[in-house]
Amino acid sequence: MMFNTGQTLHSIINGADHNRGDLLSVYNPADGSLLANVTQANIDDADFAVEIASGCFEQLKTTTAQTRSTVLYRWYQLIMDNQSRLAEIITLEQGKPIQESKAEVVYAAGYVRWFAQQAERSYGTVIPPHTPNHQVTSHKQGVGIVLGITPWNFPLAMITRKVAPAYAAGCSFILKPSELTPISAIELAKLALQAGIEEGAFQVLVSDKPQTLIEHLNSKSAIRKLTFTGSTRVGKLLYTQCVDTMKRASLELGGNAPFIVFESANIESAVDGLMIAKFRNAGQTCIAANRVFVHRDIKAEFVAQLKRRVASLKVGSGLNADFDIGPLITEAAKSKAKQLVEDAIEHGATQVIQSSEKQQAGTFMSPMILDKVNSDMDIYHHEIFAPVITLIDFDSELQVMAMANEVNVGLAAYFYSSCLKQIARVSRGLDFAMLGINEGAISNPAAPFGGMKESGLGREGGAEGIDEYLETKYLCQRI
Ligand code: SIN
C-alpha cells in the first residue's frame with residue numbers, strides 16, 4: 001500500500017495546509033476502517049478563502065492563457081505520474097475496483113490536458129461596425145471566483161472537469177468535495193500546487209456540515225459562479241441560492257438512462273455495452289443504464305447471454321484486482337437500493353439471478369437482474385445507483401420511445417440497432433443530451449457532458465466546457 005492510513009490531512013487554504021479546526025474522519029466503505037482524519041473549514045475559514053480567491057482572480061487577470069495552459073500541462077503530467085497512488089486512494093475511500101480507479105485517473109487527467117489545449121482558444125469576435133467610425137469586438141474573460149461542489153462517485157474526475165476549465169478561463173476556484181471522499185481532492189490540489197498553480201487558484205474546503213458552509217458561500221456576491229454535480233433535488237436547492245446574487249450555475253444532476261435493444265441489434269455487443277453502462281462503479285454513476293428495454297423477439301437470447309455474463313461477475317474489495325464490483329458507498333445507499341428492489345418484487349418483478357448471502361455482507365451488493373419491470377414500480381422512476389438491471393419488454397419503436405422519454409430527466413441514453421434509418425429516427429426522438437449508439441461507454445473529456453430537462457444546466461468538457469467559466473465583454477470603440 002502506498003497510502004499511509006491513519007494520518008491527519010488538511011483542507012487547503014491559500015496554498016497551505018489548514019492545520020486547525022474540527023476533524024472529519026474518512027472511512028473505507030469496503031470494511032469500515034478509518035483511512036484518515038481531515039481538518040475541516042468553518043465559516044470564518046470560508047470567508048478567508050473567498051478573500052484569497054478574490055485577490056488571486058485579480059492576479060490571474062494579468063496572466064496569459066499560454067501561462068495557464070503550461071500549468072495545466074504540468075498538472076496533467078503530475079496526475080499521470082501519480083496514477084497508481086491516486087488510484088489506490090480512490091479505491092480506498094470510494095470503493096471502486098482498482099482497474100476502474102486507474103481508468104478514472106486517466107479520465108481525470110484527460111480533462112486537464114483537454115483544457116490546457118482549450119485555454120488558448122477562448123476567442124472573441126470582430127463584429128462588422130455599425131458606422132465607419134467604430135471598431136466593434138467581443139472578448140472573453142474569466143467569470144470570477146467559482147464555487148465547485150463535487151460528489152463521491154468520481155472523486156477525481158468530477159473535480160478536474162470543473163477546476164481545469166475554470167483555471168483555463170482565468171478563474172479562481174473554491175472546492176467543497178464530498179465529505180465521503182475528500183482525500184482524492186486534497187491530493188489533487190497538492191499536485192496542482194506542485195505544478196505551479198497560484199495559491200489562491202484552487203482551495204479545498206472540507207466540511208461535514210456542507211449545507212451551512214455552501215449556503216454561506218452561495219450568499220456571497222464575490223462568488224460569480226456555482227458548479228455542482230449531484231442529485232436533482234440538491235441541484236434545485238442550490239440553484240435557488242444563486243438567485244439573490246445572480247450567480248451563473250452549471251448543474252450536472254440525476255439521470256434515468258434508458259438502454260434500448262432493438263430487434264436488429266447485435267446481441268453480443270448489446271450485452272457487452274450493458275455490462276459497462278450498468279456495472280461501472282457498481283452502478284453508481286448518473287449515466288448508468290437504469291431501465292433496459294428489450295424487444296420481445298430477441299428477449300430470450302439477450303437474457304440468456306446477459307445471465308452468463310452477470311453470473312461471472314465477482315464482488316469484493318476493490319483493492320483486489322480479481323473483483324469486478326466493489327462496495328456501495330454507504331449502508332444507507334444499499335438499503336435504498338434494496339427498498340427499490342423489494343418494491344419492484346412486490347409489484348410483480350421477478351429476480352432472474354439470485355445473489356448469494358455471502359456477497360451481500362456489509363455495503364456489498366451482488367449484481368442482480370429483475371425482469372417484468374414496469375412503470376408502476378418505484379425502480380422505474382428513480383436512479384438505482386446499485387448493480388441492479390431492470391428488464392422491460394417492448395414491441396415497437398414508437399412504444400419504446402414514448403416509454404424512454406416519459407421521465408423528467410434527460411442525461412444519457414443508449415440504444416442498439418443495426419438499422420441506419422432507425423438510428424437516425426431514434427437519435428432525433430430521444431429527449432436525452434448524450435446518446436450511446438451501439439456503445440455503452442460514452443465518457444470522454446473532448447465531448448460535451450450534461451443533461452436536458454431536470455438533469456441540469458450547462459455542459460462540461462468538450463468545446464463548450466470552458467464557456468461555462470467565461471463572460472463575453474462587448475467593446476464599442478469610436479475611432
Ligand atoms: C457521473 O456519474 O456523474 C459522471 C460519469 C462520467 O463522467 O462518466
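Predicted model, so just to flag it, every value in this text is computed and none were measured. Whatever order the structure lists them in is the order used to number ligands and atoms, beginning at 1. For the numbers below, each heavy atom of this structure counts, side chains included, while hydrogens, waters and symmetry mates do not. When a residue number appears, it is its place in the shown sequence, counting from 1.
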Report task. May I ask you to say whether R248 pairs ionically with E468, meaning some side-chain N is under 4.0 Å from a carboxylate O? Result ->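 No salt bridge links R248 with E468.
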Query - SB check R224 E471 (cutoff 4.0 Å) - result: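 Here R224 does not pair with E471 in a salt bridge, since their nearest N and O are not under 4.0 Å apart.
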For [atom], what's the nearest protein heavy-atom neighbour? Residue, atom name and distance, please.
atom: atom 1 (C) of ligand 1; result: C286 SG, 2.9 Å
atom: atom 7 (O) of ligand 1; result: Y107 OH, 2.7 Å
atom: atom 5 (C) of ligand 1; result: F154 CE1, 3.7 Å

Under 4.0 Å from any heavy atom of [X], which atoms of ligand 1 are there?
X: E252; answer: 3 (O)
X: R161; answer: 4 (C), 7 (O)
X: T285; answer: 2 (O)
X: S443; answer: 6 (C), 7 (O), 8 (O)
X: I287; answer: 8 (O)

Query raised in the report: With R425, which residues qualify under salt bridge (Lys or Arg N to Asp or Glu O under 4.0 Å), at least two apart?
Result: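 Testing R425 for salt bridge (Lys or Arg N to Asp or Glu O under 4.0 Å), a comparison that skips the adjacent residues, returns E397.
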Query raised in the report: Is the NZ or CZ atom of K162 positioned over Y469's six-membered ring, under 6.0 angstrom from the centre and within 45° of the axis?
Result: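 Cation-pi check for K162 and Y469: fails.
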Query raised in the report: Counting only heavy atoms, which portion of N153 has something under 4.0 Å from ligand 1: side chain, backbone, both, or neither?
Result: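 The side chain, only.
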Query raised in the report: For ligand 1, is any non-hydrogen atom under 4.0 Å from R280's backbone (N, CA, C, O), its side chain (CB onward), both, or neither?
Result: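 Contact part for R280 vs ligand 1: side chain (C-beta onward).
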Query raised in the report: Judged by modelled atom types alone, do R121 and Q118 share a side-chain donor-acceptor pair under 3.5 Å?
Result: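 R121 vs Q118: donor-acceptor pair found between side chains.
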Using residues 430-442 as the side-chain source, report each donor-acceptor pair under 3.5 Å to any protein atom, sequence neighbours left out, with the distance given to one decimal.
unit_1, atom_1, unit_2, atom_2, d
N438, OD1, S417, N, 3.0
N438, ND2, S417, O, 3.0
E439, OE2, A441, N, 2.9

Query raised in the report: Between W152 (side chain) and E179 (backbone), is there a donor-acceptor pair under 3.5 Å?
Result: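 Such a contact is absent between W152 side chain and E179 backbone.
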